[in-house]
Amino acid sequence: MAGIKDVAAEAGLSVATVSRVLNGHPSVSEDARRRVTAAVERLGYRPNAVARSLRTDQTRTLGLVISDVMNPYFTELARSVEEEARALGYSVIIGNADERPDLQDHHVTTLLDRRIDGLLVSPTDGGSPGMLGAARAGTPMVFVDRWIPGVDVPVVRSDGRAAVRDLVAHLYGLGRRRLAIIAGPAATTTGRERVDAFREALAAHGLELPAAYIGQGDFQAGSGRRVTEGFLDLPEPPEVVFAADNLMALGALDAIRARGLRVPDDIGLAAFDDIPWFVHTDPPVTAVAQPVRDLGRAAVRALVDRIEGRPGESVTLPARLVVRRSCGEGDAGVESPSPVRRSTP
């Protein structure tokens, strides 16, 4: 692979002159620029990004640490982040924490060692020492989807409370009264927020959320199956199970079908986090959809603002209810009040 000395020899110039040309220095002549450009093209020379970063103190690289790369929500988020970063002239290195604080710390440390310019993090389990230390040390950082109260970092997230209210109103209108939830980890902000929103929405219709109808999950399919099996064993099982993320909803669907039961004839199912698969299940699943692509774009813009010396602002975008047929809506579906978006399979 050609180096800067090879370019200098090919162009018949000093290494210092070639360096000035490559770094856009105004003092070099037009003839020198032409000779260096021609030599670079002939040799296929590529500047050393690491060496350049030592001179400029920037690598034009962002780190993204997500909670679970197997979750379709985070897969779509990562794609949106990468697309927006590329449009702004940045590359992205992704680390998968797999819902483990120790892995989150490992990725944060590794990314910082690689001199990334800033971090996007979806904190797992309320954070981790390395990630919290990086945030408090002033590393340009933005929390996306989840956040940690008390840590002074911009947050880009969706607000699902209105959509959950719409969901409960929708179920109430269908005559469903026994409603249960598969909750996410209580240590995460999204885990707590979705349970609180569900409980508040039930109370608005005079309904309670008994302890037996709250199952503790971990945003993984296995926990959705386990919790749903417990619901089905109750003397009075719920009429609808609301899973607080898409993977737990798929686990719930497995548990229901393993018992020889049908959705929605025997029990209804709804989910937080819409995914493309839900339109292909039988029946298609009613879900709360987050604006994932918009979240990814907004998170990158907020982080680049911080990197480039501008104040990065927190952004909150609304989620929406997508009505399908998994809660007893019937083949034609039902009319839903604004801002609910109807979807057909």
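Below, all heavy atoms of this structure are taken into account, side chains as well, without hydrogens, waters or symmetry copies.
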Give a yes or no on whether the backbone of [Y] and the side-chain of [X] come within a donor-acceptor separation of less than 3.5 Å.
| X | Y | answer |
| --- | --- | --- |
| N96 | V69 | yes |
| R194 | A183 | no |
| S326 | T286 | yes |
| R306 | M141 | yes |
| T139 | A135 | no |

Using the rule given for side chain to side chain contact (heavy atoms under 4.5 Å, CB included), can you reason through V263 versus L253, listing the C-alpha separation, both sets of side-chain angles and the distance that settles it, and then say yes or no?
CA-CA 8 Å; V263 174; L253 188 59; 4.0 Å; yes
Salt bridge between [X] and [Y], side-chain N to carboxylate O under 4.0 Å?
| X | Y | value |
| --- | --- | --- |
| R259 | E229 | no |
| R146 | E99 | yes |
| E239 | R177 | no |
| E329 | R324 | no |
| R100 | D102 | yes |
| D31 | R35 | yes |

How many angstroms lie between [atom1] in [X] and [atom2] in [Y], if you round to the nearest 0.5 Å?
| X | Y | atom1 | atom2 | answer |
| --- | --- | --- | --- | --- |
| I148 | T188 | CD1 | OG1 | 11.0 Å |
| D245 | T190 | CG | OG1 | 8.5 Å |
| R325 | T281 | CZ | OG1 | 9.0 Å |
| L62 | E82 | CG | CD | 10.5 Å |
| S80 | L295 | OG | CG | 8.0 Å |
| I267 | R178 | CD1 | CZ | 9.0 Å |

Step by step, work out the side chain to side chain contact (heavy atoms under 4.5 Å, CB included) result for V108 and L119.
CA-CA 8 Å; V108 168; L119 268 173; 3.9 Å; yes
[X]-[Y] co-clustered via ILVMFWY side chain contacts under 4.5 Å:
| X | Y | result |
| --- | --- | --- |
| L77 | V156 | yes |
| V241 | V288 | yes |
| L167 | L207 | yes |
| L112 | V121 | yes |
| V155 | V153 | yes |

As a quick check of understanding, evaluate side chain to side chain contact (heavy atoms under 4.5 Å, CB included) for E313 and D305, giving each step before the final call.
CA-CA 8 Å; E313 301 293 336; D305 280 344; over 6 Å; no
Tell me, please, which residues at least two apart from R60 pass side-chain hydrogen bond (donor to acceptor under 3.5 Å, both in side chains).
Y90
Report the residues that fulfil salt bridge (Lys or Arg N to Asp or Glu O under 4.0 Å) with E76, sequence neighbours left out, ordered by chain and then residue number.
none
What I'd like to find out is whether the side chain of [X] reaches to under 4.5 Å of the side chain of [Y], using heavy atoms alone.
| X | Y | result |
| --- | --- | --- |
| L232 | L261 | yes |
| V151 | F143 | yes |
| L202 | E208 | no |
| L321 | H170 | yes |
| F242 | L269 | no |
| V315 | L317 | yes |
| D266 | I256 | no |
| P291 | R297 | no |

Going by distance alone, is a donor N or O of one side chain under 3.5 Å from an acceptor N or O of the other, for [X] and [Y]?
| X | Y | value |
| --- | --- | --- |
| Q290 | D273 | yes |
| D68 | Q220 | yes |
| N246 | N71 | yes |
| T61 | S91 | no |
| D159 | T316 | no |

Over all heavy atoms of both residues, which pair between [X] and [Y] is shortest? Give the atoms and the distance, please.
| X | Y | answer |
| --- | --- | --- |
| P72 | W277 | CG-CH2, 3.8 Å |
| L303 | G118 | CD2-C, 3.7 Å |
| M248 | G184 | CE-N, 4.0 Å |
| P154 | S314 | CA-OG, 3.4 Å |
| S223 | D218 | OG-OD1, 2.8 Å |
| T17 | A32 | CG2-CB, 4.2 Å |

Where do E193 and R157 land on the salt bridge (charged side-chain N to carboxylate O under 4.0 Å, His left out) test, with the steps shown first?
CA-CA 12 Å; E193 185 180 70; R157 67 183 186 92; 3.2 Å; yes
What do you reckon, is [atom1] of [X] surrounded by more than 12 foreign heavy atoms closer than 6.0 Å?
| X | atom1 | result |
| --- | --- | --- |
| R42 | CZ | yes |
| D152 | CG | no |
| E30 | CD | yes |
| R192 | CZ | yes |

Tell me which pairs pass ring pair (Phe, Tyr, Trp, His ring centres under 6.0 Å) where either residue lies in residues 201-233, with sequence neighbours left out.
Y172-H205
I'd like to know whether D166 forms a salt bridge (charged side-chain N to carboxylate O under 4.0 Å, His left out) with R161, so could you lay out the CA-CA distance, the side-chain angles of the two residues, the decisive distance to 0.1 Å, and finally the verdict.
CA-CA 9 Å; D166 289 337; R161 288 183 180 273; over 6 Å; no
Would you sort out whether V168 and R165 count as a side chain to side chain contact (heavy atoms under 4.5 Å, CB included), showing the intermediate values?
CA-CA 5 Å; V168 171; R165 287 197 300 269; over 6 Å; no
With side-chain hydrogen bond (donor to acceptor under 3.5 Å, both in side chains) as the test, would you mind laying out the steps for T124 and S67 before giving the verdict?
CA-CA 6 Å; T124 182; S67 304; 5.2 Å; no
